[in-house]
Amino acid sequence: MKRGQFWYGDFLVAVIILMIIGTLFVSSIMDITSRNEIIKDLILEASDISSTLMSEGYMTENEWQDGIGTIGFFTNGRFDITKFNTFLNRLQEYDDQKYMLGTTNNLWIYLQKRGVRGVDGELIKGEILLSNRGNSFSIEEDINANNLVHIKRFVFHNGDIYILGVVVWR
Amino acid sequence: MKKGFFFSLDAFFAVLMFSIILVSIYSFFINTQELRQQYFYSEDILDILVNTKMDELLLLQNPDYQIQSLDQQELINHELTIMEQISVFQNQGNSFYSEIIFQNLTHDFLGEKYGVEFSLEGLIYGSDKNATALVSRQRFVSSSEII
């Protein structure tokens, strides 16, 4: 065998290895990019929903029931828990809630109290006062989804700060 | 020095450069930071500080929080908003009291992932975190003097 044939063999192996690495790299980048796109969409949606809920809304609660208007939990610049209750009572169907908030993705909206410190100083999560999914979830980790976005907002209610959480997932 | 050594060195540098480029491109795609949550946190906290009166705070009656002792010492003016009260303490040179108010109100809300700094005529409260992505919000606040 001539010396040049060894070089050619080495070169071929190197090119094959390079191609394998290149293919794996490009496919992983494409996977990350498409996943980022989904996450970006969910972030936009969760942000829009949270901003809508932090507004006074549009039209009355009666009209919300008929699918007209915009849902908002504020009155005169302050969080109004009766509006949240009205939203839950009048739009009991999950699909109606999603329709009124303009999303086709899964949605969890909740109001959570301040956490408290335990005896050892560990933070114990606060109680969830209201939720559009009943007792299905108590924390984000209860949701089994690959693409999930959780936006938390702070509202002042009943003498303390509460978390108004919006979780959107696909 | 032998000829093969130079070839190995060249190959080593080539592999090194190739790896660095791949890692750089990869990390560029991964490290796209989203700042929306930080924006909401800072806006909401400022909204609450500006729009809520001290009188409304239930923490003033809760012995687990230091702010209650400030109230018992009659250092708090219930008619002021939280931001105005903090500003008054700052003007009096009592920034430790301002820190207590801010810390008691916001502590435990941001979780492990986020840190917060609050300044009014100088730093009042800052959590010990190195920032990799930062959102800063500012408001003009009323006080006994313009700050």
Side-chain angles (χ1 to χ4, degrees), chain A residues 7 10 14 17-18 21-22 24-26 28-37 39-40 42-48 50-51 54 74 76-79 112-118 121-126 139-140 149-166, chain B residues 7 11 14-15 18-19 21-62 64-65 67 78 81-83 101-114 116:
Chain A
W7 278 106
D10 286 352
I17 290 171
L18 201 69
I21 292 173
L24 288 174
F25 181 72
V26 169
S28 77
I29 288 288
M30 282 171 72
D31 183 46
I32 289 171
T33 311
S34 68
R35 193 174 140 73
N36 279 353
E37 286 301 314
I39 293 290
K40 265 186 199 169
L42 292 178
I43 288 171
L44 272 179
E45 204 159 282
S47 306
D48 287 347
S50 77
S51 297
M54 296 282 286
F74 272 58
N76 298 326
R78 308 299 291 261
F79 178 73
Q112 187 178 28
K113 281 174 91 170
R114 172 194 290 270
V116 288
R117 290 279 166 187
E122 81 282 8
L123 183 65
I124 301 164
K125 294 235 176 197
I139 52 170
E140 180 186 319
V149 168
H150 190 174
I151 294 280
K152 289 181 185 176
R153 305 295 302 263
F154 296 141
V155 294
F156 191 80
H157 165 68
N158 202 20
D160 201 1
I161 298 175
Y162 285 66
I163 294 171
L164 177 66
V166 175
Chain B
F7 274 112
V15 167
F18 186 66
S19 308
I21 290 168
L22 286 194
V23 170
S24 307
I25 296 172
Y26 201 76
S27 58
F28 171 76
F29 278 95
I30 286 179
N31 288 330
T32 44
Q33 296 265 10
E34 174 60 51
L35 298 173
R36 220 166 286 246
Q37 181 63 79
Q38 291 93 315
Y39 174 83
F40 287 142
Y41 275 155
S42 45
E43 277 291 301
D44 292 346
I45 287 174
L46 283 175
D47 280 343
I48 289 169
L49 294 182
V50 168
N51 295 324
T52 309
K53 282 194 168 184
M54 293 302 296
D55 195 34
E56 298 177 78
L57 290 180
L58 277 182
L59 293 186
L60 295 181
Q61 295 149 30
N62 189 336
D64 294 340
Y65 294 87
I67 196 172
H78 288 228
T81 64
I82 302 170
M83 188 68 92
I101 293 177
F102 188 81
Q103 197 265 355
N104 282 190
L105 273 175
T106 60
H107 191 55
D108 296 336
F109 270 110
L110 302 177
E112 297 292 315
K113 195 176 167 188
Y114 298 99
V116 63

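In what follows, chains carry the letters A, B, and so on, assigned in the order in which the sequence lines appear, proteins first and then strands, with residues in each chain numbered from 1. The structure presented is a predicted model; accordingly, all values stated were derived computationally and were not measured.
Looking at B:Tyr114, neither its backbone nor its side chain comes within 4.5 Å of chain A, counting heavy atoms on both sides. With a 4.5 angstrom heavy-atom cutoff, B:Leu105 touches chain A via backbone and side-chain atoms both. At a 4.5 Å heavy-atom cutoff, the contact between B:Phe18 and chain A is made by side-chain atoms alone. Looking at B:Leu57, both its backbone and its side chain come within 4.5 Å of chain A, counting heavy atoms on both sides. For a residue to count as touching a neighbouring chain, one of its non-hydrogen atoms must lie under 4.5 Å from one of that chain's; by this rule A:Arg78 touches chain B with the side chain only. Only the side chain of A:Ile32 comes within contact range of chain B, judged by heavy atoms closer than 4.5 Å.
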In residues 150-159 of chain A, what donor-acceptor pairs under 3.5 Å come from side-chain atoms, sequence neighbours left out?
{"unit_1": "A:His150", "atom_1": "ND1", "unit_2": "A:Glu140", "atom_2": "OE1", "d": "2.6"}
{"unit_1": "A:His150", "atom_1": "NE2", "unit_2": "A:Tyr110", "atom_2": "OH", "d": "2.6"}
{"unit_1": "A:Arg153", "atom_1": "NE", "unit_2": "B:Asp44", "atom_2": "OD2", "d": "2.7"}
{"unit_1": "A:Arg153", "atom_1": "NH1", "unit_2": "A:Ser50", "atom_2": "OG", "d": "3.2"}
{"unit_1": "A:Arg153", "atom_1": "NH2", "unit_2": "B:Asp44", "atom_2": "OD1", "d": "2.9"}

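Residues meeting the side-chain hydrogen bond (donor to acceptor under 3.5 Å, both in side chains) test with B:Asp108, sequence neighbours left out: A:Arg117.
Ranked by heavy-atom pairs under 4.5 Å with chain B, the first of A:Leu18, A:Ile29, A:Leu123 is A:Ile29.
Looking at B:Leu22 and A:Ile21, their side chains come closer than 4.5 Å, going by heavy atoms from C-beta outward. Within the 4.5 Å cutoff, no side-chain heavy atoms of B:Gln103 are placed close to those of B:Ile67. Considering only heavy atoms from C-beta on, A:Arg114 comes within 4.5 Å of B:Leu59 through its side chain. Counting heavy atoms from C-beta outward, B:Met54 and B:Ile82 have side chains that approach closer than 4.5 Å.
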